[in-house]
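First up is the structure itself, then whatever we jot down about it.
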Amino acid sequence: MIDLTLISLFIPTFFLVSLTPGMCMTLAMTLGMSIGVRKTLWMMYGELIGVAIVATASVLGVATVLLNFPKLFFALKLFGACYLAYLGLQMWQSRGKLALSEQQNTNNIRQPLTLFTQGLVTAIANPKGWAFMVSLLPPFINQSNALLPQLTVLIAIILISEFVCMMIYATGGKTIARTLTSVDNVKRLNKVSGSLMLLVALWLLIG
């Protein structure tokens, strides 16, 4: 059995988190504009495998805690809800700066293996990604239901959301870049995402 209520909350929450400008999304946008969407797909494949590794490792840790330390899992679940609230507040207080990394030289980033490796390393070497996965997954797991189906669905949602958002950034290219370089537009996106996180965190805390 899968808790459809929790899953229905997880989908928009993670999708908006993925859609918010960050390292992987701005990398997809930059490469999409400079080398084209087709070649950028190699970076996306690497990034998705990296995200899958991070999510799976986080899931195994969460599963271990749930099965062996149920009280610790409850504490981790509360921490996850509080972390969502913290992220929501941070997004509300954002000044609207686009999280572009330093200007990248894409002239030498054209080979499929190089692009794949860049996406893989970017996903795995991001400490915020690890912290986010470990703190985000527990609040959306129903302890009374089977663990494996829930975790499988959550990871599938994570990967689909990441891919869809990277495609949006890569294909949007200059249009999205112009839109996101407007401080007001980034503020609006952050506030929408932040509001949803705050609402979900509140629901999880009082639920």
Side-chain angles (χ1 to χ4, degrees), residues 2 7-8 10-63 87 98-138 140-141 147-181 186 189-190 193:
I2 297 174
I7 296 298
S8 64
F10 185 78
I11 292 173
T13 301
F14 195 86
F15 182 78
L16 282 175
V17 168
S18 296
L19 192 62
T20 303
M23 187 183 300
C24 292
M25 297 305 141
T26 51
L27 178 60
M29 181 177 66
T30 302
L31 291 175
M33 287 189 292
S34 59
I35 64 175
V37 176
R38 183 174 295 181
K39 289 185 178 180
T40 302
L41 284 171
W42 286 103
M43 184 281 294
M44 295 184 194
Y45 298 149
E47 197 271 346
L48 289 175
I49 291 177
V51 169
I53 292 172
V54 173
T56 302
S58 302
V59 158
L60 293 176
V62 168
L87 288 177
L98 177 59
L100 282 168
S101 54
E102 295 181 1
Q103 293 237 332
Q104 301 179 36
N105 180 10
T106 56
N107 294 328
N108 299 322
I109 309 177
R110 294 180 179 272
Q111 296 300 318
L113 181 59
T114 304
L115 291 164
F116 179 88
T117 303
Q118 185 179 27
L120 180 67
V121 171
T122 299
I124 294 177
N126 184 3
K128 290 184 179 179
W130 286 92
F132 185 73
M133 290 291 183
V134 171
S135 60
L136 181 66
L137 290 173
F140 293 95
I141 295 174
L147 183 61
L148 183 59
Q150 295 183 82
L151 297 178
T152 302
V153 171
L154 291 176
I155 291 177
I157 292 170
I158 288 169
L159 296 180
I160 292 171
S161 296
E162 284 285 300
F163 181 72
V164 169
C165 290
M166 281 193 293
M167 283 297 295
I168 290 172
Y169 274 81
T171 56
K174 293 180 181 179
T175 301
I176 289 181
R178 284 195 298 267
T179 301
L180 291 179
T181 48
V186 180
L189 179 59
N190 284 338
S193 301

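Below, all heavy atoms of this structure are taken into account, side chains as well, without hydrogens, waters or symmetry copies.
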Query raised in the report: Of all heavy-atom pairs between T40 and A28, which one has the smallest distance, and what is that distance?
Result: CG2-O, 3.9 Å
Report task. For side-chain contact (heavy atoms from CB on, under 4.5 Å), just list the numbers for L41 and F163, CA-CA rounded to whole Å, side-chain angles, deciding distance to a tenth of an Å, and then say yes or no. Result -> CA-CA 9 Å; L41 284 171; F163 181 72; 4.1 Å; yes
**Report entry** Distance (rounded to the nearest 0.5 Å) between L115 CG and L120 CG
**Finding:** 12.5 Å
**Report entry** From CA spacing to verdict: side-chain contact (heavy atoms from CB on, under 4.5 Å), M33, M29
**Finding:** CA-CA 6 Å; M33 287 189 292; M29 181 177 66; 4.1 Å; yes
Query raised in the report: Out of curiosity, L159 CG to E47 CD, how far, rounded to the nearest 0.5 Å?
Result: 9.0 Å
Report task. Evaluate side-chain contact (heavy atoms from CB on, under 4.5 Å) for M43 paired with T117, printing each intermediate quantity in order. Result -> CA-CA 7 Å; M43 184 281 294; T117 303; over 6 Å; no
Query raised in the report: Under a 4.5 Å cut-off applied to non-hydrogen side-chain atoms, are M133 and V51 in contact?
Result: yes
Report task. Specify the closest pair of heavy atoms between C24 and T122, including all atoms of both residues, with the distance to one decimal. Result -> SG-CG2, 3.8 Å
Query - Residues F116, I49; criterion side-chain contact (heavy atoms from CB on, under 4.5 Å); working and verdict - result: CA-CA 9 Å; F116 179 88; I49 291 177; 3.6 Å; yes
Report task. With sequence neighbours excluded, give me every ring-ring contact (aromatic ring centres under 6.0 Å, His included) pair touching residues 23-43. Result -> W42-Y45
Query raised in the report: Atom CD1 in I158, atom CG in L151: separation rounded to 0.5 Å?
Result: 9.5 Å
Query raised in the report: How would you list all residue pairs meeting side-chain hydrogen bond (donor to acceptor under 3.5 Å, both in side chains) that involve residues 153-165, not counting sequence neighbours?
Result: S18-E162
Report task. Evaluate the side-chain proximity of M25 to I168: yes if any heavy-atom separation is below 4.5 Å, no if none is. Result -> no
Requested in this report: Please list, chain by chain and in numerical order, all residues satisfying side-chain contact (heavy atoms from CB on, under 4.5 Å) with T152, sequence neighbours excluded.
Outcome: L148
Query raised in the report: Between NZ of K39 and CD of Q111, what distance do you get to the nearest 0.5 Å?
Result: 8.0 Å
**Report entry** Nearest-0.5 Å distance that lies between atom CD1 in I155 and atom CD1 in I160
**Finding:** 12.0 Å
Query - ring pair (Phe, Tyr, Trp, His ring centres under 6.0 Å) involving F10 - partner list, sequence neighbours excluded - result: F14, F140
If you look only at distance, which donor and acceptor atoms sit under 3.5 Å apart when one is on a side chain in residues 52-60 and the other is two or more places apart or in another chain?
| from | atom 1 | to | atom 2 | distance (Å) |
| --- | --- | --- | --- | --- |
| T56 | OG1 | A52 | O | 2.7 |
| S58 | OG | V54 | O | 2.7 |

